[in-house]
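Since the structure is predicted, the reported quantities are computational estimates derived from the model, not experimental observations. Just so you know, ligand 1 is whichever comes first in the structure, and atom 1 is the first atom listed for that ligand. Throughout, numbering of the chain's residues begins at 1 and tracks the sequence.
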Amino acid sequence: MKLWNAAKIKASKGVSKIPCVTVYDFAFARLADAAGIPLLLVGDSLGMTVLGYASTLPVTMEEMLHHTSAVARGTTDALVVADMPFLSYQISIAEAVRNAGRFLQEAGADAVKIEGGAFRYELVETLTQNGIPVLGHIGLTPQSVNVLGGYKVQGRTREAGEQLVADALALAEAGVFAIVLECVPPDVAAAVTAASPVPVIGIGAGPVCDGQVLVMHDLLGLSESTPPKFVKPYAALAETVRDAFRAYASEVRVGNFPGPENCYPTEAPAQ
Ligand code: KIV
């Protein structure tokens, strides 16, 4: 049994803050898991960070299943959540259950994430009643970028803030074990967190939430572009990796690599 499950994440509300990070492959899943991060999200942000798409909209079920399997193979203790891609859960409840089930059955995920508030009530209820734990996602929901008119801060008016509280309450009642709250002012996040009976995991939502999630490439300084204001890079890996590639290329060009220590002798040395 894993150390972390959906019920344990839910029970962490008010007990301990929950760190969460996105991961997309075996190697980084092993590192995040070994670091003791309890919640690993295979975000559809992989469309941008790993696959080079301009948004999350082109990401397919097959791409998500492929990356989720790799993450699941690299994880011993953490809860692995697969992000359901655009159009995999919007068309019908039956199709959504089938697709969500594939993440658990074929890819080894422990739960799925879906975007949307109170209007997802029936879907969340059906998934959880059928044994599929659900992580909600409200505030800035990137799959709706074309409706929202861009990646903009949400919940800025009183009505919009109240709607987020209502969405969190509805999702919790429907059965989510936690809710991602993306890109809202800290006072709005504080109101949602206070009202919600399940943990609220913030991203760009200030310090008061029950947990925090960051995109791995932002956290590790692996992105080439300037990260959003809410990101704190904990390393500068893009520079480290670029320097390593340069040093390798230069040693190959001048003939310093491989050196004698990197070569196999003709005869094995005597024992
Ligand atoms: O896809 C993703 O990485 C996400 C996080 C930003 C929460 O949904």
Please list, one pair per line, the donor and acceptor atoms closer than 3.5 Å that link side chains of residues 232-245 to other protein atoms, with sequence neighbours excluded.
from   : atom 1 : to     : atom 2 : distance (Å)
Thr240 : OG1    : Ala236 : O      : 3.2
Arg242 : NH2    : Glu224 : OE1    : 3.0

Tabulation required: pairs of a nitrogen or oxygen in ligand 1 and a protein nitrogen or oxygen under 3.5 Å; columns are atom names and distance to 0.1 Å; otherwise 'none'.
from     : atom 1 : to     : atom 2 : distance (Å)
ligand 1 : 1 (O)  : Asp44  : N      : 3.2
ligand 1 : 1 (O)  : Asp44  : OD1    : 3.0
ligand 1 : 1 (O)  : Ser45  : N      : 3.0
ligand 1 : 1 (O)  : Ser45  : OG     : 3.4
ligand 1 : 1 (O)  : Asp83  : OD2    : 3.1
ligand 1 : 3 (O)  : Ser45  : OG     : 2.5
ligand 1 : 8 (O)  : Lys113 : NZ     : 3.1

Distance-only check: which donor-acceptor pairs under 3.5 Å involve side-chain atoms of residues 94-105, not counting sequence neighbours?
from   : atom 1 : to     : atom 2 : distance (Å)
Asn99  : ND2    : Ser88  : O      : 2.8
Asn99  : ND2    : Glu95  : O      : 3.3
Arg102 : NE     : Glu106 : OE1    : 3.4
Arg102 : NE     : Glu106 : OE2    : 2.8
Arg102 : NH1    : Glu62  : OE2    : 3.1
Arg102 : NH2    : Glu62  : OE2    : 3.3
Arg102 : NH2    : Glu106 : OE1    : 3.1

Donor + acceptor pair across side chains of Glu182, Tyr151 (<3.5 Å): no
Under 3.5 Å, sequence neighbours excluded: what are the donor-acceptor pairs made by side chains of residues 208-216?
from   : atom 1 : to     : atom 2 : distance (Å)
Asp210 : OD2    : Lys13  : NZ     : 2.8
Asp210 : OD2    : Val200 : N      : 2.8
Gln212 : NE2    : Gly206 : O      : 2.9

Heavy-atom side-chain proximity of Gln154 to Leu148 below 4.5 angstrom: yes
Distance-only side-chain donor-acceptor flag, Tyr24 / Thr22, under 3.5 Å: yes
